[in-house]
Amino acid sequence: MKIWVDADACPVVIKEILYRVAERTKLEVVLVANQALRVPRSPYIAMLQVTSGFDEADNEIVKRLSPGDLVITSDIPLAADVIEKGGHALSARGERFTPDNIKARLNMRDFMETLRSSGIDSGGPPAFSQADRKSFADKLDRFIAQYQAKNA
């Protein structure tokens, strides 16, 4: 299993958690972004820079994804594509996207987009908190433990 990271919008603190996880678990973490990112020297951490453009990083992740891989993203359409291809998706706030919840999430996203395009200010997501960081780390550890138990 590889862990793919939609890195353009991923909080730095989440990237740091992923770097530590890569070293501890020896799982490959690949950050995909439109711009070069500094990543620690490690045989388990890689950076893949894609061309600038709308959804270029998302498209590259879906293209390279293998069934069973994990993608870290808060992009709902990307999460839907990942699930459709047999992968797993986890947001930076620790929300696991699944076949059971992704359609509702897509519908809500589209509804909110419609509100915004009609001029209604729906606000943005709340500031990233310590609780979000802990939720992500806990859910990631749980996912990896289940993966390792299944493949032991």
Separation between OH of Tyr19 and CZ of Arg24, rounded to the nearest 0.5 Å:
16.0 Å
Treating Ile, Leu, Val, Met, Phe, Trp and Tyr as nodes and any side-chain heavy-atom pair under 4.5 angstrom as an edge, say whether Trp4 and Val62 lie in one connected cluster.
yes
d(Gln49 CD, Gln35 CD) to nearest 0.5 Å is 8.0 Å
Taking side chain as C-beta onward, heavy atoms only, is Ile14 less than 4.5 Å from Phe128?
yes
So, Ser91 side chain and Thr73 main chain: donor-acceptor pair closer than 3.5 Å or not?
no
Asp138/Arg133 salt bridge by N-O under 4.0 Å criterion:
no
Look up atom CG in Leu90 and atom CD1 in Ile72, then write down how far apart they are to the nearest 0.5 Å.
4.5 Å
If we only count heavy atoms from C-beta on, is the Ser42 to Glu23 side-chain gap below 4.5 Å?
yes
Determine whether Ser52 and Glu56 satisfy the following criterion, side-chain contact (heavy atoms from CB on, under 4.5 Å), listing intermediate values before the conclusion.
CA-CA 7 Å; Ser52 290; Glu56 289 296 322; over 6 Å; no
Is the side chain of Asn151 donor-acceptor paired with the backbone N or O of Gln148 at a distance under 3.5 Å, no angle test?
no
Cluster check Leu65, Ile83: I/L/V/M/F/W/Y, side chain < 4.5 angstrom:
no
Closest contact, heavy atoms only, Arg93 versus Ser135
O-OG, 3.2 Å
Calculate, to the nearest 0.5 Å, the distance between atoms CG and CG belonging to Leu70 and Leu27 respectively.
9.5 Å
If you count every heavy atom of other residues, nucleotides or ligands that lies below 6.0 Å from Lys26 atom NZ, does the total exceed 12?
yes
Salt bridge check: are Lys63 and Glu60 linked by an N-O gap of less than 4.0 Å?
yes
Verify the distance criterion only: is there a donor paired with an acceptor across the side chains of Asp132 and Ser129 at less than 3.5 Å?
yes
Is there a side-chain contact between Val21 and Leu140 (heavy atoms, below 4.5 Å)?
yes
Sub-3.5 Å donor-acceptor pair from the side chain of Thr98 to the main-chain atoms of Asn101, do we have one?
yes
Contact check, side chains of His88 and Val82, non-hydrogen atoms, under 4.5 Å:
no
Sub-4.5 Å side-chain heavy-atom contact between Ile3 and Leu18:
yes
Evaluate the side-chain proximity of Leu37 to Lys15: yes if any heavy-atom separation is below 4.5 Å, no if none is.
yes
Ala57 and Asp8: which non-hydrogen atoms are nearest, and at how many Å?
CB-OD2, 4.1 Å
Other than Phe54, which residues form its hydrophobic cluster under the rule that side-chain heavy atoms must be closer than 4.5 Å?
none
Under 4.5 Å between side-chain heavy atoms, counting indirect links through other Ile/Leu/Val/Met/Phe/Trp/Tyr residues: same cluster for Phe136 and Val13 or not?
yes
Decide whether Ile61 and Val39 are clustered together by the hydrophobic rule: side chain heavy atoms of Ile, Leu, Val, Met, Phe, Trp, Tyr closer than 4.5 Å, transitively.
no
How about Val29 and Tyr44: do any of their side-chain heavy atoms sit closer than 4.5 Å?
no
Do Met1 and Phe143 come within less than 4.5 Å of each other through their side chains, counting heavy atoms only?
yes
Find the distance between CG (Asp6) and OG (Ser74) and round it off to the nearest 0.5 Å.
8.0 Å
Is Val32 reachable from Phe97 through a run of I, L, V, M, F, W or Y residues, each pair having side-chain heavy atoms under 4.5 Å apart?
no
CZ (Arg96) and CD1 (Ile102) are apart, to the nearest 0.5 Å, by 11.5 Å
Where the side chain of Asp55 meets the backbone of Asp58, is there a donor-acceptor pair that is under 3.5 Å apart?
no
